[in-house]
Each structure stands twice: as structure tokens, then as C-alpha cells.
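Every number for a ligand or one of its atoms is a count from 1 in the order of the listing. Quick note: numbers below take in every heavy atom, side chains included, and nothing from hydrogens, waters or symmetry partners.
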Amino acid sequence: MNPQNIQTLAIASPAATCALSVIVPVYNEEDVLPIFHARLTSALAGLAGGWEVVYVNDGSKDSSLGILKAMQLAAPAVVSLASLSRNFGKEAAMSAGLQLARGSAVILIDADLQDPPELIPQMVQAWHEGADMVNMRRRSRQGETWFKKASAHGFYRAINWLSEVPIPEDVGDFRLLSRRAVQALNQLPESSRFMKGLFAWIGYRQMTIEYDRHARAAGETKWPYFKLLNFAIEGITSFSVVPLRLASYAGFITALGSFLYALVFLVKTMIFGDSVKGFPTLIVTILLMGGLQLMATGIIGEYLGKLFMESKRRPLYLLDEYQPAALAATVPTNQTATSA
Ligand code: UDP
Ligand code: MG
């Protein structure tokens with residue numbers, strides 16, 4: 001079998017060809033990539049069974065892609081490089097990584113060093129002990145404003161109240177997944193990928209490790225508050241239809257209220273006669289009803305929009321290029337001898 005065949009086989013069936021794939025979504029991270037890569041590779045150095053780092057360039061506009069290409073040239077045996085055709089967002093970049101990864105276990109990690117690569121051996125250990133998913137829970141968050149912490153907390157409260165699968169608080173995308181967990185995720189067809197929810201949805205044996213989240217090493221966050229708010233709405237509408245029901249309840253309660261109010265008025269008019277008073281009540285009622293109706297329509301629109309997007313069945317991302325790591329150099333020498 002010539003090397004080219006081996007490579008195509010590896011892509012066609014991402015059956016595990018190394019022990020671990022580390023997936024790194026990258027969007028405009030030129031400042032931090034070199035330090036990140038150095039820390040990551042030294043954390044992985046002692047790992048048995050072979051590993052690859054899958055960098056997914058999510059349409060970076062700075063020199064990130066050039067840096068990644070240089071890193072792959074320097075270490076073609078362990079660096080896989082996929083580049084998306086434009087910026088599709090972190091969730092899509094991670095999905096691309098999950099589909100390309102060839103490891104028996106897969107780790108998702110941010111490029112900004114907020115997730116310390118030094119914890120990887122501990123995560124792999126938990127996987128060896130039988131975990132299908134190793135969740136990394138943030139014990140503390142450094143370098144984040146109290147407003148971000150408070151809104152994150154509020155978001156988890158809301159989504160766990162609304163969603164049927166519990167989504168663990170303070171667990172981000174930094175985690176390890178076993179091959180069968182990855183396969184389960186890759187099978188989920190929806191195009192709105194609220195990954196935290198999808199991770200929780202698949203289940204299997206979970207394990208949690210606590211760690212301290214550091215501040216970004218360099219560069220800045222790609223998540224302005226407005227984007228975070230959209231993300232929260234996306235999460236809730238992907239994982240719960242409770243808001244639709246809330247709209248019905250609100251409608252029902254106001255309708256009941258108005259009916260009772262009407263009765264009160266009827267009786268009052270019969271006893272005291274009709275007078276043209278009550279303008280404030282009237283305007284308040286009209287505004288309240290109008291507001292509620294708009295809100296309910298908005299909620300329905302939110303779900304309708306989601307259905308519309310899903311119905312297009314578009315791919316999650318488009319690959320511009322993909323160059324897998326050769327991997328051969330990491331296979332233990334005794335195996336190379338027998339397969340030749
Ligand atoms: N990222 C990405 N695509 C995007 C935005 C971010 O691939 O559109 C990557 C980014 O390069 C980083 C990770 O996702 O590796 C987390 O991004 P960031 O640090 O901005 O998010 P935060 O930690 O503030 O939630
Ligand atoms: Mg970050």
C-alpha cells in the first residue's frame with residue numbers, strides 16, 4: 001500500500017489512527033499561536049500512542065493561517081491543518097475539527113491559553129479510567145468582568161430551568177470526548193450547533209475535573225456582549241420549547257384577567273350607571289395586550305426562523321483546504337515494522 005492510499009483511507013474512515021486528537025479553533029490569534037503551540041506540544045510530549053493537533057483556521061483575517069502553515073511545515077507528523085472557506089464561528093470550527101479528528105479520544109481547547117494545555121495528561125488519565133466525556137469545570141475565572149460572570153450565571157440558571165437535559169454550569173467547550181461520543185456528535189444533523197447543549201444531550205459516562213481559568217494570554221475576546229446575548233437566545237431556543245408554552249400561558253392568563261375585569265365592569269355599570277371614566281385603565285390594558293402579543297409573535301418568529309434555517313440543510317462549514325498530519329512518525333517503531 002503506498003502512502004497516498006493510507007492517507008485517503010484515513011480521511012474516508014476517521015477510525016482512530018492515533019490515541020489523541022487535540023482540536024484548536026483559531027480565529028485571529030496571531031499573537032498567541034506560537035506560545036500556545038509550544039505549551040501544547042510540550043504538554044503532549046510524554047503521551048503514549050501517538051497524537052495529532054488539528055488546527056481549524058476559522059477564516060482568520062490576520063496572519064494566523066501563515067503561522068499555522070509554518071507550524072505544520074515544522075512538524076508535519078503531528079500537525080493537521082484545516083482551513084474553512086470563511087469565518088463560520090467557533091461552533092462550526094469545532095464541528096469541522098470533530099469530523100476530521102482521527103484520535104481514539106478528542107480534546108477541544110481554545111487557542112488563547114485560557115484553557116491550560118498542561119491539564120491534558122490528567123484528562124487522558126480520566127479517559128483511560130473509562131470516561132466518555134471529561135468536562136472541565138472552571139473553579140475561577142480570571143480576567144473577566146463581574147458583569148460577564150453574572151450574566152453567564154444567569155444564563156445557566158435560565159437554560160437549566162427551561163431545557164430537558166441539564167447543562168452543567170461553568171463547563172465550557174474545553175473537554176475530552178471518546179471516539180463513540182465524537183461519533184454520536186457527528187451524527188447529530190442540526191445546523192444550529194449549540195455545542196454545550198449537544199455535549200450534554202449525548203450522555204454516556206461523564207467525569208468532571210475542576211481547574212482555574214486564566215485570563216487570555218494575548219489578543220482579545222471575539223465575544224462582544226451583543227453576540228453573547230444572541231448566543232444565549234440561540235441556546236435556549238435550540239434546547240427548549242418552553243418559551244412557546246410561556247407565550248400561551250401569558251396569553252391565557254391575560255385573557256382570563258380581561259374576562260374577569262369585564263365582569264366587574266358589567267356589574268359596576270349596572271349598579272352605578274355608565275360614565276366615561278377609566279381612560280388610564282383603558283390605555284394600560286391596550287398597551288399591555290399589545291406588548292404581550294408582540295412578545296408572543298417574537299417568540300414564535302424565533303422558532304420559525306430556526307425551522308427555516310434548518311430546512312435549508314446547508315453544510316455546517318466549507319473546507320478550503322485540509323492537510324492531515326502524516327502521523328507515521330508517531331506510531332511506535334515496532335508497529336511501523338510490521339505494517340510495511
Ligand atoms: N474562535 C473561532 N471562531 C470565531 C470566534 C472564536 O474559531 O468566530 C476561536 C478563538 O480563536 C479561540 C476560541 O474560539 O480559540 C475562543 O474564542 P474567545 O477566546 O474569543 O472566546 P471567549 O474565551 O472569550 O469565550
Ligand atoms: Mg477566550
Side-chain angles (χ1 to χ4, degrees), residues 21-40 53-68 71 79-101 106-117 119-120 136-153 155-156 167 169-175 191-197 199 211-232 234-235 316-320 322:
S21 295
V22 180
I23 298 172
V24 193
V26 175
Y27 178 54
N28 295 349
E29 302 284 7
E30 59 181 2
D31 294 334
V32 64
L33 270 177
I35 335 167
F36 171 79
H37 188 66
R39 269 180 64 182
L40 180 66
V53 184
V54 184
Y55 284 105
V56 184
N57 171 43
D58 185 17
S60 297
K61 292 173 184 73
D62 63 0
S63 61
S64 296
L65 183 59
I67 297 176
L68 290 173
M71 283 174 355
V79 176
S80 298
L81 175 55
S83 194
L84 307 187
S85 64
R86 61 172 172 86
N87 177 248
F88 280 90
K90 184 185 179 189
E91 319 269 314
M94 289 192 295
S95 301
L98 286 169
Q99 269 160 358
L100 297 170
V106 165
I107 286 179
L108 295 163
I109 190 169
D110 285 359
D112 59 6
L113 288 171
Q114 281 193 288
D115 313 324
L119 293 173
I120 289 178
M136 304 301 287
R137 185 192 293 277
R138 300 179 278 246
R139 205 184 296 131
S140 66
R141 294 167 158 224
Q142 289 158 25
E144 284 180 353
T145 58
W146 71 266
F147 183 75
K148 176 147 184 191
K149 288 182 210 172
S151 51
H153 182 68
F155 167 69
Y156 283 108
I167 295 170
E169 178 166 357
D170 275 336
V171 177
D173 296 319
F174 184 32
R175 66 182 70 221
S191 48
S192 66
R193 311 237 9 126
F194 176 61
M195 296 296 268
K196 289 181 183 46
F199 291 137
Y211 77 107
D212 294 305
R213 188 161 170 90
H214 300 284
R216 218 172 208 291
E220 53 193 44
T221 175
K222 278 93 200 165
W223 292 92
Y225 285 118
F226 185 63
K227 227 168 137 189
L228 278 176
L229 181 66
N230 285 341
F231 181 72
E234 172 87 18
L316 299 175
Y317 56 87
L318 287 182
L319 272 183
D320 180 29
Y322 172 54

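Of the candidates V32, D115, D58, N87, it is D58 that places a heavy atom closest to atom 3 (N) of ligand 1.
Looking at atom 18 (P) of ligand 1, its nearest protein heavy atom turns out to be R216 NH2, 3.4 Å. Among all non-hydrogen protein atoms, the one lying nearest atom 16 (C) of ligand 1 is D110 OD2, 3.3 Å. With hydrogens left out, the protein atom closest to atom 11 (O) of ligand 1 is E29 OE2, 2.7 Å, a heavy atom. Of the protein's non-hydrogen atoms, the one nearest atom 22 (P) of ligand 1 is W223 CD1, 3.7 Å. For atom 14 (O) of ligand 1, the closest non-hydrogen atom on the protein side is K90 CD, 3.2 Å. Looking from atom 23 (O) of ligand 1 to the surrounding protein, the closest heavy atom is Q114 OE1, 2.6 Å. Among all protein heavy atoms, the one lying closest to atom 1 (N) of ligand 1 is Y27 CB, 3.7 Å. K222 N, 2.7 Å is the protein heavy atom nearest to atom 20 (O) of ligand 1.
Checked by atom type and distance alone, the side chain of E91 pairs as donor or acceptor with a backbone atom of M195 at under 3.5 Å. Panel note: side chain S85, backbone L319; no donor-acceptor pair is recorded below 3.5 Å.
No other N/O/S atom of D112 lies as close to the Mg ion (ligand 2) as OD2 does.
Under the 4.0 Å criterion applied to side-chain N and carboxylate O atoms, R138 and D212 are not assigned as salt-bridge partners. Remark: D110 engages K90 in a salt bridge, criterion side-chain N to carboxylate O under 4.0 Å.
For the pair R39 and F36, the cation does not sit on the ring face, since its NZ or CZ is not both under 6.0 Å from the ring centre and inside 45° of the axis.
Of the candidates V24, L68, D112, L33 forms a side chain to side chain contact (heavy atoms under 4.5 Å, CB included) with just one, namely L68.
Interface atoms of ligand 1 facing A111, defined by a heavy-atom separation under 4.0 Å, are 15 (O). Interface of R213 with ligand 1, defined as ligand atoms under 4.0 Å from a residue heavy atom, comprises 23 (O).
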Going through the checks in order, is the side-chain contact (heavy atoms from CB on, under 4.5 Å) test met by S21 and V106? CA-CA 5 Å; S21 295; V106 165; 4.1 Å; yes
Determine whether F88 and L316 satisfy the following criterion, side-chain contact (heavy atoms from CB on, under 4.5 Å), listing intermediate values before the conclusion. CA-CA 8 Å; F88 280 90; L316 299 175; over 6 Å; no
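Not a single N/O/S atom of D110, whether from backbone or side chain, sits less than 2.8 Å from the Mg ion (ligand 2).
Between F174 and L119, the shortest heavy-atom distance links the atoms CE2-CD1, 4.1 Å.
In this structure, E91 falls outside the shell of residues with a heavy atom less than 4.0 angstrom from ligand 1.
Distances between N or O atoms of P25 and those of ligand 1 include at least one value under 3.5 Å.
In this structure, a donor-acceptor pair under 3.5 Å is absent between the side chains of Y55 and E29.
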